[in-house]
Amino acid sequence: MSGADSLLASELLCDLNDPQAEAVTHANGPLLVLAGPGSGKTRVITRRVGHLIRVVGAAPWNVLAITFTNKAAGEMKSRIANLISERQARAITVSTFHSLCARLLRIYADRLGLPVGYSIYDTADQQRVIKRSLEELEINAKNFPPAGVLASISNAKNELIDAKAYTTNVSDFYGRTVARVYTKYTEILERNRAMDFDDLLLNTVQLLRQHPAVLSELQDRYRYVLIDEYQDTNHAQFLIASALAARHKNLCATGDPDQSIYGWRGANIGNILEFESHYPGAKVVRLEQNYRSTQRILGVADAMIQNNRARKHKTLWTDNLEGEPVRVLTCRDEQHESRCISKSLQRLHDDKQIPWGSMAVFYRINSLSRVIEDELRGAGVPHQIARGTAFYDRKEIKDAVAYLRAIVNPVDEVNLLRIINTPTRGISERSVKAIQAHSLAHQTAVDELIRNPLLVSSLNNRAQNSIARFGKSLDQWQRRLEESGLTLRGFIESVLRESSLEEMCRNDKSDPDQERLANLGELVSSAQQFEQEYVFEIQLGDEDHTPSLNELLLAMLERISLVSDVDAVDPDQGAVTLMTLHAAKGLEFDAVAIIGVEDGLLPHQRAREDEHELEEERRLCFVGITRAMRYLILSHARYRLVFGQSMPTIPSRFLKELPENLIEFNKPDSIDAHGGEVRNDGRGERALAGKLAGEFPPGSIVRHPDFGLGRVLHVAPMGAHTRARITFNTAGTKTLILQYARLAKVEEFTEDGF
DNA sequence: AGGTTCGAGTTTTTT
DNA sequence: ACTCGAACCT
């Protein structure tokens, strides 16, 4: 070690605690870092990479770091760049498993006999293929819901069970049917030269197994492998990691079994629990000091997670301040809940100077985002929803992307059929069916028939002409992709123009603000941005290589296929972030609110029965709680709309597991009668009940969200509640509790003519 | 051909 | 309550 490097080594270690430093300096051999929440895990990983390169002398391209999302990959790269040079950092491979696999499969496509331009199918594409399979097999989709069948197939794939093995292994009727669908599904994917997310991993496993030369090449390139969130790796990912690290044994896994929340999609918690038996002699480092949260928040999290029985004990502790109590809010309904959360966040912003960008609202299921979003929008609180795929889910963007995919991979019917008559060009549903039927009967690819519609005799002349014209356009775009010196942006613009997609959006009368057109514009500019970044990155690795238009388009489509929800979160936006608990993994915020902490929601309905699933729900809650640095609010509503109907709820059993001395129920400085928090001292509630009774005297006209207009017959405070008997115009006479009824007063002689 | 209405099913979580 | 697909209308 030279003098300069030893200086650097101490610099890399100076602000680390002992176990952190141990993990950073352990150079060779397997290493497991069991990192509690907020224990400086990311810091350890980045410093470790810095140490490997600056002190151990590893070349940047010898380092492979796997993260859970693309966004985490980007952040890790820039944090590493602060320790070494920007240039060196760019040469490190930092990526998700799926992105890495997609890239490897493209690089080694020829050896696997795979097309370079294969499509990546997302869940929606997969469902379509399942439906298609059921159709072709003449199986009733009612008895075999596509989503369920797909889940069975995906689970099998995660265990590396292919269609053939699956078929021989099942005996019951459902399994046998799934086996048939699985076989057909695989066949359709192959026919379309497409892979689903599972295939990216599986085919990579195959690549490494069947091509020792490739494996050997990769093992020597990636001498140091680091994998984050190891508790959430599945079997295929485990195999890929161990194959890559088999020669040099420099596998560093970091993670926390208490934060394993993806069991439902095949993640195997055993990978991290049994690391030491997979890698005998592995060094194990435990990071238990928390630098993120207040004592109270950490205490609440720790107390709750202790209720998990299938768990290794861990001692979480912190030197941080005691902090504010964790607040548990009991609300009337989801509207009330949203209002309370919104007010609380505003108060934290105004009184405690917490920036909007450092606050978050988490929920178990996406549908809960709507109410809170409406409320924040109404209150003028800046916010963003973490839905990475939202942009690409728009119809016009899906269409545009389908064009690009169809150009790259013309064999892919799913894309081709999506755009064949979008915008409408005189190719009817019947004509499309005829083509499909002909394709099936004569074993001819759909794209061939599109280029040569005369082959399909059942088509009339007009249809044949329209189809031929469409085929010519496709040909033209494909040729342009190969030869022209266009930029990616220019190419996409030309396709949008010539396909008339742009024109269709411009003439769309249902969209007066031309939002769709603007979205297409955004796709074009994102392509331009992508091109710049990609060229920059490539040329740092290899100065002579200028990527072709084709390569650029492939890379961009791959990126689009693999965007994740959190990828859309921009921390500099200065906005409150709304996201699911799953998406919250790995993030931190000054203030966190978790809404809908109710039985059936968290833990989710479908997980209440099974002990293991219940523990996963608890871990999910644990992940949410431990994202909070200073303020934490857990809220639940007494009534919640389910399928448009107000249903009574039960507070989450997890709430009972929180130590009472660390929490505060319904902080008493309530807001106001209608916007405020429910007071829990009986006197306050009785006062409110009396007040409400005064607001709706007998004879007054009210409006109910479900029952419409009505007249109050009788009203009386009863304990904490106010009961009112009301005759509705259409719904008859009902007795309602005013606290929950969401009644609005209607002045008489309004334009309702009442 | 293309748009519109009506009914059913819908809510886990995601790369 | 909302979205998606299928029959139905213009």
Side-chain angles (χ1 to χ4, degrees), chain A residues 66-73 95-102 120-128 131 141-142 145-148 150-151 154 157-158 195-202 229 232-234 236-237 260-267 334 362-371 374 386-389 393 395 421-432 462-463 466 508-510 558-567 579-585 596 600-608 613 616-617 619-621 623-624 640-647 705-706:
Chain A
I66 301 285
T67 58
F68 203 68
T69 63
N70 289 307
K71 179 159 170 279
S95 144
T96 65
F97 265 112
H98 286 91
S99 297
L100 175 75
C101 290
I120 300 175
Y121 280 3
D122 63 16
T123 314
D125 297 327
Q126 288 179 283
Q127 298 244 12
R128 290 171 91 147
K131 281 183 191 157
K142 286 250 158 54
L150 183 56
S154 182
K157 285 192 173 190
N158 284 327
M195 290 187 210
D196 60 23
F197 291 128
D198 302 322
D199 288 332
L200 293 174
L201 304 175
L202 291 191
E229 308 287 7
D232 283 322
T233 50
N234 66 21
Q237 291 167 333
S260 159
I261 54 175
Y262 283 97
W264 53 273
R265 75 172 203 209
E334 66 269 277
F362 302 152
Y363 32 81
R364 176 65 232 270
I365 58 175
N366 277 305
S367 61
L368 291 193
S369 67
R370 174 161 264 137
V371 207
D374 287 348
R387 268 231 143 262
T389 52
D393 280 343
K395 187 185 169 296
N421 200 33
T422 307
T424 51
R425 48 171 72 85
I427 302 170
S428 72
E429 189 73 36
R430 257 189 52 221
S431 310
V432 174
R462 236 170 60 124
S466 305
D508 186 347
K509 282 193 281 298
S510 67
E558 179 186 304
R559 164 98 68 109
I560 290 174
S561 297
L562 298 176
V563 282
S564 69
D565 278 352
V566 267
D567 292 344
M579 62 170 95
T580 63
L581 285 160
H582 282 91
K585 187 168 73 164
L601 230 38
L602 182 65
H604 191 268
Q605 191 88 33
R606 308 263 265 259
R608 284 200 289 196
E613 289 181 41
E616 182 155 308
E617 296 289 306
R619 291 195 292 268
L620 191 54
C621 190
V623 167
R640 190 173 292 280
L641 284 180
V642 181
F643 299 138
Q645 270 213 312
S646 183
M647 303 288 277
D706 296 328

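Naming convention: chains lettered A, B, ... in sequence-line order (proteins, then strands); numbering from 1 in each chain.
- For B:dG2, one of the phosphate oxygens OP1 or OP2 lies less than 4.0 angstrom from a side-chain nitrogen or oxygen of A:Thr424.
- Taking 4.0 angstrom as the limit, A:Asn366 places a side-chain polar atom (N or O) nearer than this to OP1 or OP2 of B:dT14.
- The separation between A:Lys395 atom NZ and C:dT3 atom C1' is 16 Å, rounded to whole Å.
- Here the nucleotide nearest the side chain of A:Arg370, chosen from C:dT3, B:dT12, C:dG5, is C:dT3.
- Minimum atom distance to the side chain of A:Thr123 is reached by B:dT15, of the listed B:dT11, C:dG5, B:dT15.
- If you take NE2 of A:His582 and C1' of B:dT11, they are 14 Å apart, rounded to a whole angstrom.
- Counting to the nearest Å, the P atom of B:dT13 and the CG atom of A:Leu581 are 11 Å from each other.
- Ring pair A:Phe197/A:Phe97: centre-to-centre distance not below 6.0 Å.
- If you look at A:His582 and A:Trp264, their ring centroids are closer than 6.0 Å.
- Per the stacking criterion (ring centres < 5.5 Å, plane angle < 30°), A:Tyr262 does not stack onto the base of B:dT14.
- If you measure from atom CG of A:Asn158 to atom P of B:dT15, you get 14 Å, rounded to the nearest angstrom.
- In this structure, A:Ile66 and A:Thr96 have side chains that are not in contact, with every pair of non-hydrogen atoms separated by 4.5 Å or more.
- Taking CZ of A:Arg128 as the reference point, atom OH of A:Tyr121 lies at 9.0 Å (rounded to 0.5 Å).
- Of the charged side-chain nitrogens involved, at least one lies within less than 4.0 Å of a carboxylate oxygen, so that A:Lys157 and A:Asp196 count as a salt-bridged pair.
- The residue A:Phe97 sits apart from the nucleic acid: no heavy atom pair falls under 4.0 Å.
- No engagement by A:Ser99 is indicated, since no non-hydrogen atom pair under 4.0 Å with the nucleic acid exists.
- Taking atom CG on A:Leu641 and atom C1' on B:dT10, their separation rounds to 15 Å, with Å as the unit.
- Using atom P as the reference point in both C:dC4 and B:dT13, the two lie 15 Å apart (nearest Å).
- Between the P atom of B:dT14 and the CG atom of A:Leu200 lies a distance of 18 Å, rounded to the nearest Å.
- Looking at which nucleotide of DNA chain B each of A:Pro145 and A:Leu562 is closest to, the 5′-most match is held by A:Pro145.
- Between the CD1 atom of A:Ile365 and the C1' atom of B:dT14 there is a distance of 15 Å, rounded to whole Å.
- Of the candidate nucleotides B:dT15, B:dA1, C:dA1, C:dA1 has the atom nearest to the side chain of A:Phe643.
- Between the base of B:dT13 and the side chain of A:Arg364 there is a donor-acceptor pair shorter than 3.5 Å.
- Heavy atoms of A:Asn421 sit under 4.0 angstrom from primed sugar atoms or phosphate atoms, though from no base atom.
- None of A:Arg606, A:Arg608, A:Arg364, A:His604 except one satisfies the side chain to side chain donor-acceptor pair (under 3.5 Å) rule with A:Glu617; the exception is A:Arg364.
- Taking atom CZ of A:Arg619 as the reference point, atom P of B:dT13 lies 18 Å away to the nearest angstrom.
- Contact between the side-chain N/O atoms of A:Thr580 and the OP1/OP2 oxygens of B:dT14 is found at a separation under 4.0 Å.
- Between A:Arg425 and A:Ala607, the residue whose closest nucleotide on DNA chain B is further toward the 5' end is A:Arg425.
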